[in-house]
Amino acid sequence: MDPDRIGYVGASYGGAMGGLLAGMEHRIKAYVLMVGDGGLVAHFTGAEDAGRDLYRLSEERQQAWIAAMEPIEPIRWVGHAAPSPLLFSDPKDVMWYDSGHRLPDQAIEDQVRWLARWIGVDPDRFGG
């Protein structure tokens with residue numbers, strides 16, 4: 001394995017956790033973060049989650065869980081990703097797709113090309 005050609009690709013939960021990793025691990029050459037959110041606290045305290053999961057706990061246990069998880073929310077760490085390039089948010093590279101949670105095949109092809117450029121390999125080698 002070539003340590004200068006390591007890339008990360010994460011989707012959904014992997015996209016969110018990749019934001020946390022990107023803020024701490026700078027040996028990874030480039031990160032592709034797809035359809036992630038700000039982290040578990042943001043995910044489980046959103047309006048669409050009222051009455052589910054976290055809210056089944058007592059108020060005391062909810063607050064304890066939030067206090068334990070907030071320091072490791074990906075949204076707090078992704079801003080420390082530099083110098084690693086990111087494919088996901090301004091002022092980094094952004095690609096938008098008219099899609100829901102599942103991205104179209106074009107997104108995968110674009111990710112392969114973007115990541116290949118940053119880790120120094122020929123994207124055609126991967127069929128992209």
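FYI, the numbering just counts along the sequence from 1.
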Check: Leu115 and Tyr31 side chains under 4.5 Å, non-hydrogen atoms = no
Minimum side-chain heavy-atom gap Ser12-Met34 below 4.5 Å = no
Can you tell me if [X] uses its side chain to pair, donor with acceptor, with the backbone of [Y] under 3.5 Å?
{"X": "Arg76", "Y": "Glu70", "answer": "yes"}
{"X": "Gln111", "Y": "Val9", "answer": "no"}
{"X": "Arg5", "Y": "Gly120", "answer": "yes"}
{"X": "His26", "Y": "Ala81", "answer": "yes"}
{"X": "Tyr8", "Y": "Gly14", "answer": "yes"}

Same apolar cluster (I L V M F W Y, side chains within < 4.5 Å links), [X]/[Y]:
{"X": "Ile119", "Y": "Leu87", "value": "yes"}
{"X": "Val35", "Y": "Ile75", "value": "no"}
{"X": "Met17", "Y": "Ile66", "value": "yes"}
{"X": "Leu103", "Y": "Trp114", "value": "yes"}
{"X": "Ile72", "Y": "Leu40", "value": "yes"}

task = List the atom of Leu57, the atom of Gln62, and the distance in Å for their closest heavy-atom pair.
result = O-NE2, 2.9 Å
note = All heavy atoms of Pro74 vs all of Gly39, minimum pair found to be CD-CA, 3.4 Å
ask   = Between Tyr97 and Asp110, does any side-chain donor sit less than 3.5 Å from a side-chain acceptor?
value = yes
task = Take Lys29 and Ser84, measure what side chain to side chain contact (heavy atoms under 4.5 Å, CB included) needs, and give me the verdict at the end.
result = CA-CA 6 Å; Lys29 186 78 174 172; Ser84 301; over 6 Å; no
Parallel, tilted or perpendicular, as decided by the 30° and 60° cut-offs, for the rings of Phe44 and Trp65 = perpendicular
